[in-house]
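Atoms considered below: every heavy atom in the structure, side chains included; atoms not considered: hydrogens, waters and symmetry mates.
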Amino acid sequence: MKPDKSRRGFIRDALKGLSVAALVPQLYSIVPAHSPASRSLLSTKLVQPKIGFAIHGGAGTILKSEMSAEREREYRAKLTEALMTGYNILKKGGAGLDAVEATIRMMEDSPLFNAGKGAVFTNAGTNELDASIMDGSTLKAGAVASLKHIKNPISLARLVMEKSRHVMMVGEGAETFAKQQGIELVPQSYFYTESRWKALQREKALEEKNNKAPKEKKPERQHATFIDHAYGTVGAVALDQAGNIAAGTSTGGMTNKKWGRVGDSPIIGAGTYANNLTCGVSATGDGEYFIRLAVAHDLSNMLEYKGLSLKEAADAVIEKVGKLGGGGGLIAIDKAGNIAMSFNTAGMYRGRIGANEQPIIEIYKD
Ligand code: ASP
């Protein structure tokens, strides 16, 4: 039936004054969530909802002068593959959480990063993994820490969020939960990589030297060298077609860490945060400093209470980390699809892509 003139007028009046951004969620509410094809049609034919996706593969002293061309190619290829995996999920109308999880799983399976397969070694010669994920539409979150046998910690973090009434699980308890959920467990030997093992030996030798040094020559921070040897934590932030923001982070932590040390990556509000009203954040760097400043939540608060732009807030919070003595960086995405990538180190493995944009992969400061 052709709409008559008065009905057309009614629809026009009802929609008048509504911005495209306000229209998208309304249109989505009438297109079923289980029909990504219709949603994709909606996005390409009617309106272009803003989507965006960003990833990091750790911050640290990454100098071009010390990187071979082949190594750089390897990193760029893996970062591109990971970035496009998440982006393609978003482009088809998939959920931000799915994009974040799929991308981080891929990075966890690569020995290039300090997460999953490529996790660094603890002082005891073991590998202990941490991860977290957050859904900005519900403020639900899941986190896991000190895992020894979980191939993909990010997926276990998501199960904690979706299949338990808790937010954080650690160690053996978390692994018992994993078994109940049918998650793949692997022996510790799965995480062995020669380069990470050698990094542990270097770190221990340096620590011994520092311990023997006279008091006035001792470095201020016990982990002064961490940035040189432990970069590679991974993270992703996403804004999906429905306007939902998600964020996730996964790490092996810090080379030579002791006594069950846990960093910022699995701490909601420190290493990871997501809120549809503000932004999604994933951090990397000296975890102790990121915990003390509740970096990810602080950034979100600056948007919520101070009305700063994403870039201003990201730069401000990283400046605070630096002032306190910490090194590192973060990636963030806001509800309008803006992406910020701030760091105070020589480099940060990172990638970003917006709706219908080309992927951008960067490693060094400039
Ligand atoms: N933030 C991580 C931690 O402290 C390490 C890193 O990002 O490289 O565990």
Side-chain angles (χ1 to χ4, degrees), residues 57-61 104 107-132 143-157 160 168-178 183-212 219 221-235 249-267 270-272 283-292 326-328:
T61 309
I104 291 183
M107 295 173 94
E108 286 175 338
D109 289 344
S110 162
L112 289 177
F113 304 102
N114 171 19
K117 172 72 190 148
V120 297
F121 283 92
T122 66
N123 175 265
T126 57
N127 307 92
E128 295 181 9
L129 291 76
D130 310 328
S132 64
V144 284
S146 304
L147 305 174
K148 286 192 176 156
H149 306 99
I150 305 297
K151 188 167 175 268
N152 293 108
I154 195 68
S155 294
L156 185 57
V160 170
M168 190 168 195
M169 295 186 193
V170 303
E172 281 176 23
E175 295 194 346
T176 302
F177 172 71
I183 274 252
E184 185 175 2
L185 266 71
V186 290
Q188 275 269 286
S189 57
Y190 167 78
F191 300 106
Y192 179 87
T193 55
E194 202 190 338
S195 63
R196 299 295 189 199
W197 183 252
K198 282 188 176 158
L200 174 66
Q201 307 316 317
R202 278 199 305 270
E203 194 73 19
K204 280 187 160 178
L206 206 83
E207 189 178 54
E208 210 182 303
K209 203 172 133 204
N210 286 340
N211 287 344
K212 282 189 194 141
R221 283 160 46 201
Q222 267 300 320
H223 295 288
T225 56
F226 127 80
I227 278 172
D228 296 313
H229 301 307
Y231 48 75
T233 289
V234 305
T249 311
S250 181
T251 190
M254 185 184 272
T255 301
N256 201 25
K257 64 185 179 182
K258 303 181 182 99
W259 313 299
R261 180 265 184 191
V262 173
D264 61 317
S265 308
I267 308 290
T272 303
T284 172
D286 276 312
E288 281 67 11
Y289 294 82
F290 283 74
I291 294 174
R292 288 162 61 195

Nearest 0.5 Å please: distance from the [atom1] atom of [X] over to the [atom2] atom of [Y].
X	Y	atom1	atom2	value
Thr255	Lys204	OG1	NZ	11.5 Å
Leu129	Ile154	CG	CD1	11.5 Å
Asn152	Ile183	CG	CD1	7.5 Å
Ser146	Asn127	OG	CG	12.0 Å
Ser265	Ile291	OG	CD1	8.5 Å
Ser250	Ile150	OG	CD1	11.5 Å

For Lys148, does the NZ atom have more than 12 heavy-atom neighbours from other residues, nucleotides or ligands under 6.0 Å away?
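Counting other residues, nucleotides and ligands, NZ of Lys148 stays at 12 neighbours or fewer.
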Taking side-chain contact (heavy atoms from CB on, under 4.5 Å) as the criterion, tell me which of Asp130, Val170, Thr251 meets it with Val262.
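Of Asp130, Val170, Thr251, side-chain contact (heavy atoms from CB on, under 4.5 Å) with Val262 is met by Asp130 alone.
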Quick one: which of Asn123, Leu206, Thr122, Val120 gives a side-chain contact (heavy atoms from CB on, under 4.5 Å) with Asn256?
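The option that passes is Asn123.
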Closest non-hydrogen atom pair between [X] and [Y], with its separation:
X	Y	value
Leu147	Gly171	CD2-O, 4.3 Å
Ala59	Thr284	N-OG1, 3.4 Å
Asp264	Ala283	OD2-CB, 4.0 Å
Gly260	Glu128	CA-OE1, 4.2 Å
Ala143	Ser132	CB-CB, 3.8 Å
Leu156	Ala174	CD2-O, 3.8 Å

For Val186 and Phe191: C-alpha separation, side-chain torsions, deciding distance, then whether side chain to side chain contact (heavy atoms under 4.5 Å, CB included) applies.
CA-CA 9 Å; Val186 290; Phe191 300 106; 3.8 Å; yes
For Lys212, is there an ion pair with Glu208 - N to carboxylate O distance below 4.0 angstrom?
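Salt bridge between Glu208 and Lys212, a charged N being under 4.0 Å from a carboxylate O: yes.
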So does Glu288 pair up with Arg261, basic N to acidic O under 4.0 Å?
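The answer is yes: the pair qualifies as a salt bridge.
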Testing Glu184, Gln188, Glu172, Glu175 one by one against His149 for a side-chain hydrogen bond (donor to acceptor under 3.5 Å, both in side chains), which residue passes?
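Result: among Glu184, Gln188, Glu172, Glu175, Glu175 is the only option passing the side-chain hydrogen bond (donor to acceptor under 3.5 Å, both in side chains) with His149.
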Does the side chain of Ile267 reach to within under 4.5 Å of the side chain of Phe290, using non-hydrogen atoms?
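Sidechains of Phe290 and Ile267: no contact.
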Side chains of Glu108 and Phe113: closer than 4.5 Å at any heavy-atom pair?
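A side-chain contact is absent here, since even the closest heavy-atom pair is not under 4.5 Å.
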Under a 3.5 Å distance rule, please check whether Asn114 uses its side chain to pair with a backbone N or O of Gly253 as donor and acceptor.
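Side chain of Asn114 to backbone of Gly253: a pair is present.
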Taking Gly252's backbone N and O only, do any of them form a donor-acceptor pair with Lys257's side chain (distance below 3.5 Å, no angle check)?
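At least one qualifying donor-acceptor pair exists.
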Describe, in one word, how the ring planes of Phe121 and Trp197 are oriented to each other, choosing from parallel (under 30°), tilted (30 to 60°) and perpendicular (over 60°).
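Rings of Phe121 and Trp197: perpendicular, as their planes differ by over 60°.
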